[in-house]
Amino acid sequence: MRKVLIVDDSETVRNQVARALNEAGFGAVGASDGIEGLREAREDDYSLILLDISMPRMGGLELLDRLKADPKTSPVPVLVLTTEMQEAMIQRAKKAGAAGWIIKPVKMELLVEAIRKVARAAS
Amino acid sequence: MHGKAGQEATACAIIEQVVVQWLKSMGMVVTPLAATDDPEASEPMCFSSAVEFNGTGCVGCLRLSCAAGVVPVECHTDALRRNWISDCTGQLMRRVKNRLRQFGVCVESGPVELIFDRAELQHESGEFANGVTRAFSTSGGKVRVQLDLAIDVELVTSADPVPFRDEGDIILF
């Protein structure tokens, strides 16, 4: 089963996305900040990592940099799921190697479709 | 319109637009109440959180409060209800940012802070003396939004030099 790591400090978002992914046949694991997300990404094999930008302890952009700097996690596609929409941040994430940027709130079926598309392209 | 009156008019217009759009996006039927309406008089605001922001020519604070009936039933624990109001404040802040950007004003927001008790809420509400407060009626109860916005109205233009992004956008690189 393809597995997605959801890194978001909002339990509501993690639960909502996990439920939608489970219904679409994906496995889903949650992490509540960048440090927990990085540890989880290194310990298991994921088809895709979904991360928020504003999180305590370690934010999403720093997490993205660390994931892309680690040979174990760098091949895993990363999608940013955030309320932020500043062009400079979007371009920063693109340059750092993110596969896409999704602005919350988003319809779950569209999010799952985007995850499926990106995970398929990376496999 | 300049000075304090201009700032208040700008803040009022932003609040009405973004709150109505936001509540409608959640499937709620919403009616703006008269500017003089105090929702607290008829219904206690049980959940509240606030976020500060600043940018070129603009500083401020946004606070969202709502009655218990507005929170979705699936948020059945205090932790989930707090998480919900915090998420909503973040969403509303994003809409305010987006609206300000259309004026050519870019702002950065800080972390959303929860307000836990009524005494703290009433104390902090007093600090919004320079801001504007608008209340809205929904099927679940009342929602109050306070926006303390100090903005250089002279700087406000309709120009938007950056690409327009909106909620729900999926940008694949």
Heavy-atom proximity to chain B below 4.5 Å, by part of A/L79: side chain

Polar side-chain atom of B/R63 near backbone of B/V51 as donor-acceptor pair, under 3.5 Å: no

Toward chain A, the part of B/V107 with a non-hydrogen atom under 4.5 Å: backbone

Separation of B/C61 SG from B/F53 CZ (nearest 0.5 Å): 7.5 Å

A/T83, part contacting chain B, at a heavy-atom distance under 4.5 Å: both

NZ/A/K117: more than 12 non-hydrogen atoms of other groups inside 6.0 Å: no

Nearest-0.5 Å distance that lies between atom CD1 in A/I53 and atom CD in A/E84: 7.5 Å

Interchain contact, A/V80 with chain B, by part (heavy-atom threshold 4.5 Å): neither

Cluster check B/L23, B/F47: I/L/V/M/F/W/Y, side chain < 4.5 angstrom: yes

Side chain A/N15, main chain A/R19, donor-acceptor under 3.5 Å: no

Minimal non-hydrogen separation, B/P32 against B/V20, with atom names: CG-CG2, 4.1 Å

Distance in Å, B/L172 CG paired with A/K94 NZ, rounded so as to fall on 0.5 Å steps: 11.0 Å

Side chain, backbone, both or neither of A/A98 within contact of chain B (heavy atoms, under 4.5 Å): both

Contacts of residues 100-110 of chain A with chain B (heavy atom under 4.5 Å): A/G100, A/W101, A/I102, A/I103, A/K104, A/P105, A/V106, A/L110

